[in-house]
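Everything on this sheet refers to the single structure shown next.
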Number of protein chains: 2
Amino acid sequence: MSMATSRTDPLTLEVVELIGSVVARYYEEYEQAAAEHSLTGAQARVLRLLSLEPLPMRRIARKLKCEPSNVTGIVDRLEARGLVERTPDPSDRRVKLAAPTRSGLATAARLRDSLDFAREPLAELSAQERRTLRDLLRRMVGDDDA
Amino acid sequence: MSMATSRTDPLTLEVVELIGSVVARYYEEYEQAAAEHSLTGAQARVLRLLSLEPLPMRRIARKLKCEPSNVTGIVDRLEARGLVERTPDPSDRRVKLAAPTRSGLATAARLRDSLDFAREPLAELSAQERRTLRDLLRRMVGDDDA
DNA sequence: TATTGTTATACTCTATAACTATA
DNA sequence: TATAGTTATAGAGTATAACAATA
């Protein structure tokens, strides 16, 4: 692992810098898209998660990598706006499943469509370039579970 | 602009998904690196900014894309820890320049070095692949000012 | 006893509005 | 009057610790 060379390599440094810029831009646009639906970033992330699959509170916390106590408040606020519902799990009465309402699913779909930032510049790339980018990104992300 | 095709193109969708994963991972590791120095993410970002160049409070807010009133508190907390100092601008006595102390510069340097996430997977790429990635990312970021 | 979700508490970040001191 | 920085305030996210209900 000759890390020493790549650490100071100007090309690598520029790429790292660029990744930081992409992250900042993406994050910013995500918050803005959420705000356009009067949601905070955290609320939007939970709503997106639940639109894929209803989840127990504890699992939401694991996905978000935050403490379970935080999820209570976020889901409270989503529930107060009629976007999410809590239902008790019949098989384990300690567990509460959070699931999006019909309205919540619709909001999640509109939110997804409004995230054009990543899509727009990608449209300018050839299929071959997109495949290259995909392979590079796959290597950067590696395996994930949570 | 035939957006319609790329919008539903599975390859593009996968790349968008991957970018989201990279953003989440990067953000997470940034917060963690900051926490290892007992800093919040916002404090780490301001310290990094000032390590490049001392700035008036107002300019920090523009860079962070937040309200100037927030910067007061963030710099307060950095100053309380001896990482940053406020000095009045002689040419305009309304302006206060925030600059890192020697200790602040050292912390910023250690923070920079601990952000290995982006660098590590990059080390596995050839120089040609890194150039390709750089060019793709440049197109995604576009011009920036702030 | 261990686990799930919640509550209580304290801190930070955030935007808004009002204030002060300069310009 | 306009601008730079601050203060005051309120809402949201965060972690920690303690609690009730259930396993």
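The structure displayed is predicted, hence computed values, not measured ones. Throughout, a chain's letter reflects where its sequence line sits, starting with A, and its residues are numbered from 1.
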Task: Length of the NZ-P vector between K65(B) and dA15(C), whole Å - done: 12 Å
Open item on the list: side-chain contact (heavy atoms from CB on, under 4.5 Å) for L39(A) and L83(A)? Distances and angles first, verdict last.
Closed with: CA-CA 11 Å; L39(A) 294 172; L83(A) 300 173; 3.9 Å; yes
TODO: Figure out the CD/P separation between E31(B) and dG13(D), and round it to whole Å.
DONE: 15 Å
- [ ] Mind listing the residues from residues 71-83 of chain A sitting with a heavy atom below 4.0 Å of DNA chain C? Number order is fine.
- [x] T72(A)
TODO: Please name all residues satisfying side chain to side chain contact (heavy atoms under 4.5 Å, CB included) with A24(A), sequence neighbours left out, ordered by chain then number.
DONE: none
Task: Partners passing side chain to side chain contact (heavy atoms under 4.5 Å, CB included) against S126(B) (at least two apart in sequence or in another chain) - done: Q128(B), E129(B)
Task: With sequence neighbours excluded, residues passing side chain to side chain contact (heavy atoms under 4.5 Å, CB included) with P54(A) - done: A99(A)
Quiz: residues 84-91 of chain B side-chain donor-acceptor pairs under 3.5 angstrom, not counting sequence neighbours:
from   : atom 1 : to     : atom 2 : distance (Å)
R86(B) : NE     : E79(B) : OE1    : 3.0
R86(B) : NH2    : D76(B) : OD1    : 2.1
R86(B) : NH2    : E79(B) : OE1    : 3.3
D89(B) : OD1    : S91(B) : N      : 2.8
D89(B) : OD1    : S91(B) : OG     : 2.8

Open item on the list: Does D135(B) form a side-chain contact (heavy atoms from CB on, under 4.5 Å) with R138(B)? I'd like the steps, not just the answer.
Closed with: CA-CA 5 Å; D135(B) 294 342; R138(B) 273 183 181 166; 3.9 Å; yes
TODO: Measure from CD on Q32(A) to P on dT14(C) and round the result to the nearest Å.
DONE: 16 Å
TODO: Starting from the C-alpha separation in whole Å, work towards a yes-or-no answer on side-chain contact (heavy atoms from CB on, under 4.5 Å) for D9(B) and R130(A).
DONE: CA-CA 11 Å; D9(B) 170 18; R130(A) 282 200 291 267; 3.3 Å; yes
Open item on the list: Can you measure Y27(A) atom OH to dT14(C) atom P for me and round it to whole angstrom units?
Closed with: 10 Å
- [ ] Could you check L125(B) against R139(A) for side-chain contact (heavy atoms from CB on, under 4.5 Å), going step by step and ending with a plain yes or no?
- [x] CA-CA 9 Å; L125(B) 305 188; R139(A) 284 205 246 173; 3.2 Å; yes
TODO: Starting from Watson-Crick (N1-N3 plus N6-O4 or O6-N4) and G-U wobble pairs under 3.5 Å, report the runs of at least three that DNA chain C belongs to.
DONE: C:1-23 with D:1-23
Task: Other ILVMFWY residues reachable from L97(A) by side-chain steps of under 4.5 Å - done: none
Open item on the list: R94(B): which residues meet the salt bridge (charged side-chain N to carboxylate O under 4.0 Å, His left out) condition with it, sequence neighbours left out?
Closed with: D92(B)
Open item on the list: If you define the side chain from C-beta out and look only at heavy atoms, does anything of R77(B) sit under 4.5 Å from R81(B)?
Closed with: no
Task: Any residue meeting side chain to side chain contact (heavy atoms under 4.5 Å, CB included) with N70(B), in chain and number order, not counting sequence neighbours - done: C66(B), E67(B)
- [ ] Round to a whole Å and report the spacing from CZ of R58(A) to C1' of dT22(D).
- [x] 13 Å
Write out a two-atom table: protein N or O, nucleotide N or O from nucleotides 16-23 of chain C, distance below 3.5 Å.
from    : atom 1 : to     : atom 2 : distance (Å)
dT16(C) : O4     : S69(B) : OG     : 2.6
dA23(C) : OP1    : R93(B) : N      : 3.0

- [ ] Nearest whole angstrom, please: distance from the C1' of dG13(D) to the CD1 of I60(A).
- [x] 15 Å
Open item on the list: Does a side-chain N or O of K96(A) approach OP1 or OP2 of dT6(C) to a distance below 4.0 Å, or not?
Closed with: yes
Open item on the list: Going by side chain to side chain donor-acceptor pair (under 3.5 Å), name the pairs with one or both residues in residues 38-48 of chain B, residues two or more places apart or in two chains.
Closed with: E17(A)-R48(B)
TODO: Taking only heavy atoms on the protein side, list every residue of residues 35-53 of chain A lying under 4.0 Å from any atom of DNA chain C, sorted numerically.
DONE: none
Open item on the list: Using OP1 and OP2 only, check whether a side-chain N or O of R86(B) sits under 4.0 Å from dT6(D).
Closed with: yes
Task: Integer-rounded Å distance: dT3(C) P and M57(A) CE - done: 19 Å
- [ ] Write down the distance between OH (Y30(B)) and C1' (dT14(D)), rounded to a whole number of angstrom.
- [x] 18 Å
